[in-house]
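Inspection log for the structure reproduced underneath, given as structure tokens.
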Amino acid sequence: MNSFSIPLPKEFNFEHHLTHLKRSPKELLHTCVEDEVFKLIAINDNKILFKIKCIDKSHLLITILNKKINESTKSELEKYILEWFDLDKDIRPFYTLAAKDKFLKPVIQKFYGYRIVGQPDLFESLVWAVIGQQINLSFAYTMKQRLVEGFGERLEFKEKIYYMFPKPERIASVTHDDLLPLQFSRQKSKYAIGIAEAFVSGQISKDKINDLPWDEALNELIKIKGVGQWTANYALLRTFRYPNAFPLGDAGINNAIKKILNLDRRPTTEEVIKYFKKYKGWEAYATLYLWKMI
DNA sequence: CGCCAGGTTAGAG
DNA sequence: CTCTAACATGGC
């Protein structure tokens with residue numbers, strides 16, 4: 001078996017996801033070629049290189065390129081893709097809410113079918129969030145690129161190299177001297193290594209967090225140095241796709257609310273919370289479309 | 001040059 | 001509990 005398909009909900013538009021996936025030329029963790037996305041992941045320590053194409057807007061065609069896979073690997077890969085594009089969620093209730101919001105309504109219409117672009121790897125979510133703290137996205141991508149090139153596993157296939165995000169074991173074994181040349185600050189270097197150690201020691205794992213209710217999951221994540229409210233919520237949004245997670249204080253959200261409320265200053269926390277009230281239970285999706293707004 | 005960027009921590013008041 | 005400096009550097 002080297003290909004299979006996944007049926008799509010009506011409220012899904014692959015084009016919007018492609019646009020998002022193509023947003024940085026420095027991205028090494030997937031490769032977009034026209035309307036196809038290539039990605040390398042590990043399933044039970046096996047490197048699986050696959051590509052995704054959308055057929056007739058009704059299903060995704062998944063083709064595994066580097067080997068034949070068995071039923072259980074196929075099932076893991078399918079699960080991965082459902083998480084990556086948040087396909088197992090019925091987002092119609094959110095659209096019903098957003099239709100009543102005159103600011104978000106046009107954004108919803110323009111990006112109809114855009115879902116959370118998940119990050120199934122929790123370690124990657126947390127480290128990426130830490131890298132992105134307080135710096136612009138472009139520089140954040142440069143740092144991630146260097147980290148992935150320096151410590152990520154890779155597979156060469158038809159003259160091209162495909163990368164995976166570094167494993168916690170690898171980052172737990174590096175020192176400041178390895179990360180500072182990548183232009184990590186001392187603080188970020190410490191955070192990244194600390195997060196890796198938390199995974200290696202078993203203090204934290206995706207399975208462990210997965211079984212917890214939202215608030216307990218948040219508390220577990222915040223125990224790690226470098227992971228505050230913003231980062232924890234970001235991970236809960238991207239990795240676990242909790243529909244009610246959202247990074248309060250986020251600069252993108254603040255800018256969107258500033259525009260909506262027509263302010264000449266940054267909105268206060270209360271103003272942001274007040275705006276989000278109407279999206280109770282769907283804060284993650286409101287966030288997603290607010291980010292699209294600007 | 002100055003200010004802000006997908007924040008967090010430790011320390012002071 | 002709230003406020004602030006420090007963190008490091010790119011982009012505009």
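Chain A is the first sequence line, chain B the second, and so forth, proteins listed ahead of strands; every chain is numbered from 1.
- No donor-acceptor distance shorter than 3.5 angstrom exists from the side chain of A:D35 to the backbone of A:K53, with no hydrogens or angles considered.
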Inset, instruction - Quick one: do A:N244 and A:W282 satisfy side-chain hydrogen bond (donor to acceptor under 3.5 Å, both in side chains)? Show the steps, please. - result: CA-CA 5 Å; A:N244 59 325; A:W282 288 99; over 6 Å; no
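- Using modelled atom types and a 3.5 Å distance limit, the side chains of A:R115 and A:Y285 yield no donor-acceptor pair.
- Sorted by residue number, the list of members of residues 274-289 of chain A with any non-hydrogen atom under 4.0 Å from DNA chain B is empty.
- Figure legend: A:K160 and A:Y162 shown as a cation-pi pair, the cationic atom lying under 6.0 angstrom from the six-membered ring centre and within 45 degrees of its axis.
- Other residues, nucleotides and ligands place more than 12 heavy atoms under 6.0 Å from the CG atom of A:D90.
- Distance check on atom C1': C:dA8 versus B:dC4 gives 14 Å, rounded to whole Å.
- On the nucleic acid side, DNA chain C has its first and last nucleotide under 4.0 Å of a heavy atom of chain A at C:dC7 to C:dG11, going 5' to 3'.
- Using a cut-off of 4.0 Å between Lys/Arg side-chain N and Asp/Glu carboxylate O, A:R238 and A:E124 are scored as not salt-bridged.
- Cation-pi contact between A:K39 and A:F50: absent, since separation from the ring centre below 6.0 Å together with deviation from the ring axis within 45° is not met.
- Classification of A:E220 and A:K208 as a salt-bridged pair fails, no side-chain N sitting under 4.0 Å from a carboxylate O.
- Salt-bridge check for A:R241 with A:D88: passed, with a basic side-chain N closer than 4.0 Å to an acidic carboxylate O.
- For the contact set between residues 227-241 of chain A and DNA chain C, defined by any heavy atom under 4.0 Å, there are no members.
- C:dC12 sits 11 Å from B:dG6 when the P atoms are compared, rounded to a whole Å.
- The aromatic rings of A:Y114 and A:H16 lie perpendicular to each other, with more than 60° between the two planes, well past the 30° mark.
- There is no side-chain donor-acceptor pair under 3.5 Å between A:E271 and A:Y275.
- At a non-hydrogen distance threshold of 4.0 Å, A:Q183, A:S185, A:R186, A:Q187 from residues 175-201 of chain A come into contact with DNA chain C.
- Judged by distance alone, with hydrogens and angles left aside, the side-chain atoms of A:N66 form a donor-acceptor pair with the main-chain N or O of A:L49 at under 3.5 Å.
- Among the protein residues, A:G252 comes within range of no part of the nucleic acid, since none of its heavy atoms lies under 4.0 Å from any strand.
- Remark on DNA chain B: of its neighbouring residues A:R266 and A:K225, the 5'-side contact belongs to A:R266, judged by nearest-heavy-atom nucleotide.
- Here the side chain of A:K26 pairs no donor or acceptor atom with the backbone of A:Y141 at under 3.5 angstrom.
- Ion pairing of A:K22 with A:E27 is absent here, as no side-chain N (NZ or NE/NH1/NH2) approaches a carboxylate O to less than 4.0 Å.
- Cation-pi geometry between A:K292 and A:F111 is satisfied (NZ or CZ under 6.0 Å from the ring centre, within 45° of the ring normal).
- Using a 4.0 Å cutoff to heavy atoms of chain A, the contacted part of DNA chain B runs 5' to 3' from B:dA5 to B:dA10.
- Proximity of residues 106-118 of chain A to DNA chain B (heavy atom under 4.0 angstrom from any strand atom) is not detected for any residue.
- Counting non-hydrogen atoms under 4.0 angstrom, A:I294 reaches nothing in the nucleic acid.
- Ring geometry for A:W84 versus A:H30: interplanar angle of 30 to 60°, hence tilted.
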